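Heads up: the structure comes next, in structure tokens.
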Amino acid sequence: MTLRRWLCQPTLLLLCPALVAAAPARAAEANIPDAKACEERLRRDVTYLASDELEGRGPATKGIDKAADYIADQFKKAGLKPGGVDGTWFQPFPYPANVLDGDARLMLKGLKGEERELKSGADFNPMGLGHAGKLTAAGVVFAGYGVTSTEAKYDDYAGIDAADKVVVILRDTPHPADEDTAGRLKGSAPLARKMANAEKHKAAAVLFVNDADTAKTGDDLLDYEFTAVRPPEVGIPAFHIHRSVLQTMFTAAGAGDLAEIERGIDKDVKPRSLDLPGWTASLEVKNHKGDVTLKNVIGVLDGAGPLAKETVVVGAHYDHLGYGGAGGSRLGVVKKPQIHHGADDNGSGSTTVMELARRFTAIPDRQGRRLVFMTFSGEELGLEGSKWYCDHPLFPLEETAAMFNLDMVGRLRPDDKTNKDNLLVEGAPTGKNFNDLLDALNKKYDFELSRKGDTLPANSDHFSFYRKKIPVLFFWTGYHADYHKPSDTADKINVEGMRKIADLSFDVVSALAAEEKRPEYQAMKVGSLRPGGDAPKLGVVPSYSESDGGMALDGVVDGGPAAQAGLKAGDKIVEIAGKPVKNITTYMDAMAAQKKGETIDVAVLRDGQKQTIKVKLEP
């Protein structure tokens, strides 16, 4: 590429009487490094944040604390001041979790009175989604996959009495050849759903066992912490035991071979649940409802002049999914804990915030509003870090002029129609004349700025500030096939594109910080890029290269309804259950009208031909 210096343009933007951009300092005065040096920094930072050492930056991992320390150190080196509580770089906040108190115990007693004291960490692990409890000599029953599905006409609890017993349950769901039946059962896979079903059948405790498919590359046990964050509301304990332990009980009880039983269930989709006579379990686990401590990282560059008391927040979340268990119901999807690297989501955004901090601190005698550079934790758990800040602001919200958010800015791609770099922009209507500002600044960069009308997605940290009636802008580059997968790695980041986004972001923040008149807040209709509330999920990865004529797909979610029905990357959805789909917004509206468990017609354009595919939605 051609190396060039990015400039803090001295342009005066007289867009309208209400919006006047002051002149930032010149690049020559700030001695700004060239584009190559910038890209080297961006590559270094995002590579570290997405490294194995940082464990996917999930809650309750050491890696997320290392990420916070790294960002704070970069803020310090850039020349920011600590903006957290008590003079630190951090704003801690609690998040619900089951906290383990001491060692757990599990003992099995067999038909002939033999006792086996299982070893924690070797033969079993307690599970964080379970409740504290103690049992002595409780009966044991095998309940297959622990599934009750009226839709699939399958019930692992039929014919057995689980009341007051320890129930042994396989992970996942049966794997029948019939894809429709498999799809009907798949919604019962989440561990939390199995726990609720066991409790409904009055079980006293649950012992989970890896199914054969999960164990084919090793019969690994889930760590306690993997299921401890945001635990379900259940009142019984849960443990994870090795398959060999269950096979020992099967053999002694004359129940046969575990693998053969699983194959039988898969073949005819009929339960093989059974009592394990003579076997009892004694167990104890002590935990309590507490929390893990997460933290936002905050650095401040003071303002100067008549606007010095006002604030512009420049933010991005730095957390991700850790080993795959954080961020929702993925406990039924993730077979084994794997590092979800999160290079794009959102190593890219937090890396860009660090770069912007360096650029602004390099400006001598900067005039304008205070700049608060903030990386949030808990975004994947539901915007928790930005919610916490907005409910416990460290700089008055009534003096916060705007919030600028960066989330997933590492996959800049050309627009299909114009071939320009396609940058997605959300929130422009929340600030009067923001669109004019963007158009003026973009003349230098020539992005295809994709703006999605009057609906603001509640899908990233900008939304927490919008809730407080603060104008927001949100830059991102769209979903992709590696979204929320271990394969979101640093080698796939478009570093040159990320630098180009940083260039435009600098100009935008410069204008927000220097405008004499504070941006005027305007309300928007609120939506989501996924159907919200209790609406069913189709499991697709939208493309944002086209804005109308349907919703093109960059991919589908593995194991989701769309994937099981045969939808694929390159398809363009044009109808949902007979309702036309013209873009993302009409797709969301159409999906919001559907009901879980129904089979709907999804019309797509594939290779220029329209075809209708029946999709079974998740129950």
Side-chain angles (χ1 to χ4, degrees), residues 1-2 6 35 38-39 42-43 45-47 49-50 316 320 341-352 355 405-428 438-439 441-453 457 459-460 473-505 508 529-530 540-557 562 567-573 583-585 587 604-607:
M1 59 175 258
T2 301
W6 62 268
C38 172
E39 289 173 18
L42 293 171
R43 182 176 288 107
D45 290 343
V46 76
T47 298
L49 291 178
H320 194 54
H341 297 89
D344 188 28
D345 186 16
N346 186 30
S348 63
S350 44
T351 289
T352 306
E355 175 62 20
N405 186 36
L406 294 151
D407 191 348
M408 294 177 63
V409 291
R411 298 289 190 99
L412 190 65
R413 291 161 284 185
D415 180 79
D416 285 350
K417 294 179 179 178
T418 66
N419 207 39
K420 295 180 180 180
D421 288 331
N422 188 30
L423 180 62
L424 309 183
V425 178
E426 312 285 358
L438 292 169
D439 289 339
L441 295 176
N442 187 46
K443 290 179 180 179
K444 180 171 57 173
Y445 303 104
D446 200 29
F447 284 103
E448 181 69 34
L449 296 180
S450 296
R451 286 166 275 198
K452 302 299 177 183
N459 62 339
S460 190
L473 281 172
F474 168 31
F475 283 1
W476 64 310
T477 53
Y479 292 123
H480 45 76
D482 298 310
Y483 174 69
H484 278 194
K485 293 181 181 178
S487 54
D488 181 10
T489 49
D491 59 298
K492 297 178 181 177
I493 294 296
N494 179 353
V495 176
E496 181 182 355
M498 190 161 62
R499 189 265 305 159
K500 185 178 177 182
I501 293 170
D503 293 347
L504 175 59
S505 298
V508 171
L529 290 178
R530 306 175 196 89
V540 296
V541 181
S543 168
Y544 291 87
S545 61
E546 300 180 59
S547 60
D548 53 26
M551 188 182 78
L553 303 183
D554 272 346
V556 294
V557 177
L567 273 73
K568 59 184 181 180
D571 287 346
K572 180 188 283 187
I573 296 176
N583 48 40
I584 287 284
T585 301
Y587 164 76
V604 303
L605 291 180
R606 179 179 294 174
D607 299 325

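Not measured: the values here are computed from a predicted model.
Between F447 and L438 the shortest side-chain heavy-atom distance does not fall below 4.5 Å. With a 4.5 Å cut-off on side-chain heavy atoms, L423 and L504 count as touching. Side-chain contact between I573 and L567 is present, with heavy atoms from C-beta onward closer than 4.5 Å. With contacts defined as side-chain heavy-atom distances shorter than 4.5 Å, the pair S487/K492 qualifies. Side-chain contact between K444 and D503: absent, with no pair of heavy atoms (C-beta onward) separated by less than 4.5 Å. Using a 4.5 Å heavy-atom cutoff, the side chains of V540 and Y587 are in contact. Side-chain atoms of H484 and H320, non-hydrogen and from C-beta on, do get closer than 4.5 Å to each other. A 4.5 Å side-chain heavy-atom check between R411 and D488 finds at least one atom pair inside the cut-off.
K572 approaches G549 most closely through the heavy-atom pair CD-O, 3.1 Å. Taking every heavy atom of both residues into account, A490 and A343 meet most closely at N-CB, 3.5 Å. Taking each heavy atom of L49 and S350 in turn, the nearest pair found is CD1-OG, 3.5 Å. The heavy-atom pair separating S348 from G410 by the smallest distance is OG-N, 3.4 Å.
The CG atom of L406 lies 11.5 Å from the CD atom of E355; values are rounded to the nearest 0.5 Å. With values rounded to the nearest 0.5 angstrom, T477 atom OG1 is found 8.5 Å from N494 atom CG. Taking CG of N346 as the reference point, atom CG of N405 lies at 7.5 Å (rounded to 0.5 Å). With values rounded to the nearest 0.5 angstrom, S505 atom OG is found 12.0 Å from R499 atom CZ. Taking NE2 of H480 as the reference point, atom CG of D345 lies at 7.0 Å (rounded to 0.5 Å). In this structure, OG1 on T47 lies 10.0 Å from CG on L42, to the nearest 0.5 angstrom.
Considering only residues two or more places apart in sequence or on other chains, T418 meets the side-chain hydrogen bond (donor to acceptor under 3.5 Å, both in side chains) condition with D415, E448. Applying the side-chain hydrogen bond (donor to acceptor under 3.5 Å, both in side chains) rule to K568 yields no partners; only residues at least two apart in sequence or on another chain are considered. Applying the side-chain hydrogen bond (donor to acceptor under 3.5 Å, both in side chains) test to D491 and every residue at least two apart in sequence or in another chain returns T489. A search for salt bridge (charged side-chain N to carboxylate O under 4.0 Å, His left out) contacts involving D407 returns nothing, not counting sequence neighbours. Applying the ring-ring contact (aromatic ring centres under 6.0 Å, His included) rule to F474 yields the partners H462, W476; only residues at least two apart in sequence or on another chain are considered. A search for side-chain hydrogen bond (donor to acceptor under 3.5 Å, both in side chains) contacts involving D45 returns Y70, R358, not counting sequence neighbours.
Judged by distance alone, with hydrogens and angles left aside, the side-chain atoms of D344 form no donor-acceptor pair with the main-chain N or O of Y483 at under 3.5 Å. Remark: the backbone N or O of V604 is not paired with any side-chain donor or acceptor of R606 at under 3.5 angstrom. In this structure, the side chain of D421 does not engage the main chain of R413 through any donor-acceptor pair within 3.5 Å.
For the pair K500 and Y445, the cation does not sit on the ring face, since its NZ or CZ is not both under 6.0 Å from the ring centre and inside 45° of the axis.
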Checklist line | Test log, rule side-chain contact (heavy atoms from CB on, under 4.5 Å), inputs F475 and T352 | finding: CA-CA 11 Å; F475 283 1; T352 306; over 6 Å; no

